[in-house]
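Down below is the structure, laid out as structure tokens.
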Amino acid sequence: MRAYVINLKRSPERRANITAQLATHGIDYEIVEAVDGRELDLADPEVVNSIAPSFRAAEWFLPTHVACAMSHLSAYRKVLDAGLPWALVMEDDVTIPAGLPAIAEAVAAQLTGAEVALLNFDSDQVVKVSGLGTAELPSGHELVLPLDVHVPVSAAGYVITREACERITRGALPIRAKIDDWGHVYDERMIDGLRCVVPLAIMKDPSFGSTIGYYADDSIKARVLKLSSRLKLPVLKRAVARRRERIWRKYRQVEYVNEPVVSRAPRDAHLPMPGVSDML
């Protein structure tokens, strides 16, 4: 399986780290140069037309959210251009386990139509998954169905089918949600279903921070993170990494329940895509 790895040109350290892991595990890959939110011109008419007004009006909106979405869409187009039936899409701040190639292949064999399987996910609430209809995967992992596709989020690493790539690239513009809002993607009929791998098959590397830029530049947290990155002090870097790991653990809670997934029935892929005016 080919991996498409999203990496900012200004992040050579991340690129070196992820490519070394991919080479170690013998994973075929292509680097997808990410759109840089710092350089995104929100006054450019082409950029303006690619963003839904409702998305830009959200109080949490950041240009990096648009850049992230554009980067993943670029990866999907590469999958389509290569004629692949499915692919592994990853961001550059993850840790790849030795068994990932076998897990990803086993996941792909289970997917049909327009589906996405998250190898990493998190949530601000417990992710409830059905204990019914699970599929065994290598290395003690399982492919499961979340009871609510709106709960798990993350675009750190996932397997995506060709049909999902086709429908998302066709329906995602103008951008009106974060790229990891899979519930939105499902509601808009761009995918038929979402699955999750448990335990997580890919972990985020706590030594790397998010490039989204959630904190204001003048905030204490932003200053500490910049200081840690610039000075590269081992003690400070380890402290920041431990803090990230503690936070991530809180958002990786999974609960099995013996309930069927009512919304699992595939949606009609031939229904017309909603018009732009319907989606704003």
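When a residue number appears, it is its place in the shown sequence, counting from 1.
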Q. Is the count of non-hydrogen atoms from other residues, nucleotides or ligands lying under 6.0 Å from Phe55 atom CZ greater than 12?
A.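 Enclosed.
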
Q: Might you confirm whether atom CD of Glu46 has over 12 heavy atoms from other residues, nucleotides or ligands at distances under 6.0 Å?
A: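 For Glu46, atom CD is not crowded (no more than 12 foreign heavy atoms under 6.0 Å).
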
I'd like to know if the side chain of [X] pairs up with that of [Y] as donor and acceptor (distance under 3.5 Å, no hydrogens or angles considered).
X	Y	result
Asp187	His150	yes
Gln21	Tyr29	no
Ser154	Asn120	yes

Q: Output, in order, the C-alpha distance, side-chain angles, deciding distance and verdict of salt bridge (Lys or Arg N to Asp or Glu O under 4.0 Å) for Asp192 and Arg167.
A: CA-CA 10 Å; Asp192 295 327; Arg167 285 161 61 177; 3.0 Å; yes

Measure from the side-chain N and O atoms of [X] to the backbone N and O of [Y], and report whether any donor-acceptor pair falls under 3.5 Å.
X	Y	value
Arg56	Val48	no
Thr161	Gly113	yes
Glu115	Thr112	yes
Ser130	Val261	no
Gln253	Val127	no
Asp181	Val185	no
His25	Leu100	no
Arg176	Ser54	no

Taking atom [atom1] of [X] and atom [atom2] of [Y], what is their separation to the nearest 0.5 Å?
X	Y	atom1	atom2	answer
Glu33	Arg15	CD	CZ	8.0 Å
Asp92	Glu13	CG	CD	10.5 Å
Glu188	Ile168	CD	CD1	11.5 Å
Phe61	Ile175	CZ	CD1	8.5 Å
Leu119	Leu88	CG	CG	6.0 Å
Ile202	Met90	CD1	CE	5.5 Å

Q | Sole candidate of Val198, Asp180, Val197 that passes side chain to side chain contact (heavy atoms under 4.5 Å, CB included) when paired with Phe121 | A |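 Only match with Phe121 under side chain to side chain contact (heavy atoms under 4.5 Å, CB included): Val198.
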
Q | N-O pairing of Arg252 and Asp122 below 4.0 Å | A |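 Between Asp122 and Arg252 there is no salt bridge, as every charged N stays at least 4.0 Å from the carboxylate O atoms.
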
Q | salt_bridge(Glu166, Arg170) N-O dist < 4.0 Å | A |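 Salt bridge: no.
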
Going hydrophobic residue to hydrophobic residue with side-chain gaps under 4.5 angstrom, can you get from [X] over to [Y]?
X	Y	answer
Leu118	Met1	no
Val107	Ile96	yes
Leu73	Leu194	yes
Ile103	Val89	no
Tyr186	Val116	yes

Q | Option among Lys204, Arg14, His72 that satisfies the side chain to side chain donor-acceptor pair (under 3.5 Å) test with Glu91 | A |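 With Glu91 as partner, Lys204, Arg14, His72 yield a single side chain to side chain donor-acceptor pair (under 3.5 Å), made by His72.
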
Measure across [X] and [Y] and return the closest heavy-atom pair with its distance rounded to 0.1 Å.
X	Y	answer
Pro152	Trp182	O-CD1, 3.9 Å
Ala67	Ser71	O-OG, 2.8 Å
His141	Leu200	CE1-O, 3.5 Å
Ser50	Met70	OG-CE, 3.3 Å

(Q) Using ring centroids (six-membered ring only for Trp), state whether Tyr158 and Trp86 fall under 6.0 Å. (A)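 No - the distance between ring centres of Trp86 and Tyr158 does not fall below the 6.0 Å cut-off.
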
